[in-house]
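Worksheet: one structure, shown below.
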Amino acid sequence: KGGWSGDSVNKFTMEGRTPKENAVFDHIKKLANFRKSSTALQSGKLMQFVPEDGIYVYFRYDKKQTVMCIMNSGTTAKEIDPNRFAERIGNSAAGVNIPTGEKYDLHNKLLIQPMSMLVLELQSN
């Protein structure tokens with residue numbers, strides 16, 4: 001049930017969704033809208049790094065843009081050292097979390113929450 005004729009709720013509207021459902025909807029909407037204008041995601045190259053301790057990191061990149069995706073499939077938060085990915089990070093000093101706008105300093109270790117994914121657009125110095 002969720003928005004079809006005869007359903008008691010309409011999940012296609014903000015009012016029909018729970019606060020948690022709206023948070024997920026907004027998160028996916030921000031990522032989808034970013035993808036529409038991201039040359040790296042649309043037609044860029046892919047570079048993957050060997051997963052380590054439940055952490056999988058890959059990059060999509062082109063001459064204009066680099067996007068770093070970090071997934072933690074584990075049940076505990078993990079720290080990663082961005083230096084491990086220096087080959088693709090290059091001279092980027094920071095990464096901006098696409099859905100939240102939060103800025104991450106790539107000179108410091110990053111804390112990745114359990115069962116989560118972090119999508120960063122890298123910024124040059």
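In this text the structure is predicted, and so the values were computed from the model without any measurement.
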Residue pair V50, Y56: steps toward the side chain to side chain contact (heavy atoms under 4.5 Å, CB included) verdict: CA-CA 7 Å; V50 174; Y56 171 54; over 6 Å; no
Validation row: I55, F49 side chains within 4.5 angstrom (heavy atoms): no
I98 side chain reached by L120 side chain, heavy atoms, under 4.5 Å: no
What's the shortest heavy-atom distance between [X] and [Y], and which atoms?
X: F12; Y: N10; answer: N-OD1, 2.8 Å
X: A40; Y: D62; answer: N-OD2, 3.3 Å
X: L106; Y: P82; answer: O-CB, 3.3 Å
X: H107; Y: A93; answer: CE1-CB, 3.7 Å

Do other residues, nucleotides or ligands put more than 12 heavy atoms under 6.0 Å from the [atom1] atom of [X]?
X: M115; atom1: CE; answer: no
X: R35; atom1: CZ; answer: no
X: E79; atom1: CD; answer: yes

Short side-chain donor-acceptor distance under 3.5 Å, N33 and K30: no
Using 0.5 Å steps for rounding, measure from the [atom1] atom of [X] to the [atom2] atom of [Y].
X: L46; Y: F59; atom1: CG; atom2: CZ; value: 10.5 Å
X: R17; Y: D26; atom1: CZ; atom2: CG; value: 7.0 Å
X: T18; Y: K11; atom1: OG1; atom2: NZ; value: 5.5 Å
X: T76; Y: Q113; atom1: OG1; atom2: CD; value: 10.0 Å

Tell me whether [Y] is reachable from [X] by hopping between hydrophobic residues (I, L, V, M, F, W, Y) whose side-chain heavy atoms are closer than 4.5 Å.
X: L110; Y: V57; answer: yes
X: I70; Y: M47; answer: yes
X: L122; Y: I80; answer: yes
X: M71; Y: M68; answer: no
X: V9; Y: M14; answer: no

Measure from the side-chain N and O atoms of [X] to the backbone N and O of [Y], and report whether any donor-acceptor pair falls under 3.5 Å.
X: Q123; Y: S92; result: no
X: R60; Y: G44; result: yes
X: Q42; Y: T39; result: no

Cation-aromatic face contact R88/Y61, 6.0 Å, 45 degrees: yes
Which residues share a salt bridge (charged side-chain N to carboxylate O under 4.0 Å, His left out) with D81, sequence neighbours left out: none
Residue pairs, two or more places apart or on separate chains, that pass side-chain hydrogen bond (donor to acceptor under 3.5 Å, both in side chains) and touch residues 64-74: S38-Q65, Q65-E121
V67 vs F34, side chain to side chain contact (heavy atoms under 4.5 Å, CB included): CA-CA, chis, key distance, verdict: CA-CA 11 Å; V67 177; F34 176 76; 4.0 Å; yes
Pairs satisfying salt bridge (Lys or Arg N to Asp or Glu O under 4.0 Å), at least one member in residues 67-78, at least two apart: D53-K78
